[in-house]
Amino acid sequence: GAPRMTELVLVTGASGFIGRHVCSLLNLRGIQVASLDVAKPRLESKVDYHFSVNLLDSASVREVCEKVEPRYVLHLGARADTDSTSLSDYRVNWVGVKNLMSGLRKVPNCRFLHVSTQFVAEPGHDVSNPESFSPFTAYGLSKAFSERVLRSHQDLQIEWVIVRPT
């Protein structure tokens, strides 16, 4: 493949609200940014490389991961509304993680930040056990599945962390 781009960050969902601001901040700090998103990045996002890829397309996700060999992945790409009650409408949330993990299998020393949601646990649920879920929406359930998918890839040489913004 191509030579590894030092300190390159692959941002999924780079065209979203958080993604475009993160990309701009990374760019201001001189860090190379690759965007993986179905939508083109907005002009203010300042990405170095853009890959128009759907997270459900495992072959294309793998191709991007192997091409750019990211040092870091900031996984923001998701369907993040609560409009639907159908779990299948949020399939990209856990299948996207599965495809990214498969794509990163051959990428050495990658660090992965998975952005989940507080919706994996209903208000009042004890979250001291990070694997205890009580989702109250289809979106929350899809994100609980995404966390389980990530945890199931312990065999990979990838350091990962899950955050659940409020």
Side-chain angles (χ1 to χ4, degrees), residues 9-23 25-26 33-42 45 50-66 68 70 72-107 110-166:
V9 179
L10 176 64
V11 181
T12 69
S15 299
F17 180 75
I18 296 171
R20 68 179 183 258
H21 292 301
V22 168
C23 290
L25 180 63
L26 292 170
V33 178
S35 160
L36 188 153
D37 200 316
V38 290
K40 287 185 177 182
R42 296 178 187 215
S45 294
H50 172 68
F51 300 93
S52 184
V53 170
N54 187 320
L55 286 166
L56 293 172
D57 181 349
S58 62
S60 295
V61 169
R62 183 176 55 253
E63 185 179 317
V64 169
C65 290
E66 291 177 1
V68 302
Y72 305 97
V73 176
L74 176 54
H75 181 44
L76 296 164
R79 177 170 174 183
D81 62 69
T82 57
D83 297 340
S84 178
T85 58
S86 174
L87 181 61
S88 63
D89 289 343
Y90 297 92
R91 200 172 156 262
V92 68
N93 294 354
W94 73 87
V95 175
V97 172
K98 177 182 163 287
N99 291 341
L100 283 164
M101 290 296 103
S102 295
L104 294 168
R105 186 166 294 281
K106 296 180 182 175
V107 178
C110 182
R111 293 183 173 169
F112 190 92
L113 176 68
H114 177 60
V115 180
S116 186
T117 178
Q118 67 176 347
F119 281 53
V120 299
E122 64 188 345
H125 181 80
D126 179 8
V127 294
S128 59
N129 175 354
E131 296 183 59
S132 173
F133 303 104
S134 63
F136 54 100
T137 64
Y139 165 63
L141 182 58
S142 75
K143 286 300 216 168
F145 284 170
S146 74
E147 290 186 24
R148 286 186 178 139
V149 167
L150 183 57
R151 291 178 192 285
S152 75
H153 285 83
Q154 300 286 351
D155 60 314
L156 300 182
Q157 298 299 311
I158 296 174
E159 293 181 47
W160 53 262
V161 66
I162 297 169
V163 293
R164 295 178 181 165
T166 58

With no hydrogens and no angle check, is any side-chain donor or acceptor of Ser84 less than 3.5 Å from a backbone partner on Asp89?
-> no
May I ask you to decide if Glu63's main-chain N or O and Glu66's side chain share a donor-acceptor pair within less than 3.5 Å?
-> no
Could you pull out every donor-acceptor pair under 3.5 Å between side chains of residues 52-60 and any protein atom, sequence neighbours left out?
residue, atom, partner, partner atom, Å
Ser52, OG, Val38, O, 3.4
Asn54, OD1, Leu56, N, 2.8
Asp57, OD1, Ala59, N, 3.4
Asp57, OD1, Ser60, N, 3.1
Asp57, OD1, Ser60, OG, 3.4
Asp57, OD2, Ser60, OG, 2.7

Carefully, step by step, assess Arg79 and Asp81 under the rule salt bridge (charged side-chain N to carboxylate O under 4.0 Å, His left out).
-> CA-CA 6 Å; Arg79 177 170 174 183; Asp81 62 69; 2.8 Å; yes
Step-by-step side-chain contact (heavy atoms from CB on, under 4.5 Å) determination, Ser15 to Lys40 | CA-CA 7 Å; Ser15 299; Lys40 287 185 177 182; 5.6 Å; no
Selection residues 125-143 - residue pairs positive for salt bridge (Lys or Arg N to Asp or Glu O under 4.0 Å), sequence neighbours left out = none
Side chains of [X] and [Y] in contact at under 4.5 Å (non-hydrogen atoms):
| X | Y | answer |
| --- | --- | --- |
| Val127 | Arg164 | yes |
| Ser142 | Leu87 | yes |
| Leu74 | Leu10 | no |
| Thr12 | Asp37 | no |

Of all the heavy-atom pairs spanning [X] and [Y], show the shortest one and how long it is.
| X | Y | answer |
| --- | --- | --- |
| Cys65 | Leu104 | SG-CD2, 3.8 Å |
| Cys23 | Ala14 | SG-CB, 3.7 Å |
| Tyr139 | Asn93 | CD1-ND2, 3.8 Å |

Mind checking ring pair (Phe, Tyr, Trp, His ring centres under 6.0 Å) for Phe145 and listing every partner two or more places apart, or none if nothing turns up?
-> Trp94
Sorted by chain and residue number, the salt bridge (charged side-chain N to carboxylate O under 4.0 Å, His left out) partners of Asp155 (sequence neighbours excluded) come out as Arg105
Can you tell me if Ser88 and Ser86 form a side-chain donor-acceptor pair at under 3.5 Å?
-> yes
For the [atom1] atom of [X] and the [atom2] atom of [Y], what is their distance to the nearest 0.5 Å?
| X | Y | atom1 | atom2 | answer |
| --- | --- | --- | --- | --- |
| Arg151 | Ile162 | CZ | CD1 | 4.0 Å |
| Arg62 | Leu100 | CZ | CG | 12.0 Å |
| Thr137 | Asp83 | OG1 | CG | 10.5 Å |
| Leu150 | Trp160 | CG | CH2 | 5.0 Å |

Could you give me the CA-CA distance, side-chain angles and deciding distance for Ile158 and His153, then say whether side-chain contact (heavy atoms from CB on, under 4.5 Å) is met?
-> CA-CA 9 Å; Ile158 296 174; His153 285 83; over 6 Å; no
Got a list of side-chain donor-acceptor pairs under 3.5 Å for residues 110-123, not counting sequence neighbours?
residue, atom, partner, partner atom, Å
His114, NE2, Ser146, OG, 2.9
Ser116, OG, Glu147, OE2, 2.7
Thr117, OG1, Phe119, N, 3.1

Taking it one step at a time, do Arg148 and Phe133 satisfy side-chain contact (heavy atoms from CB on, under 4.5 Å)?
-> CA-CA 10 Å; Arg148 286 186 178 139; Phe133 303 104; 3.3 Å; yes
In chain order, what residues pass the side chain to side chain donor-acceptor pair (under 3.5 Å) check against Ser102, with sequence neighbours excluded?
-> none
Leu156 atom CG, over 12 foreign heavy atoms within 6.0 Å = yes
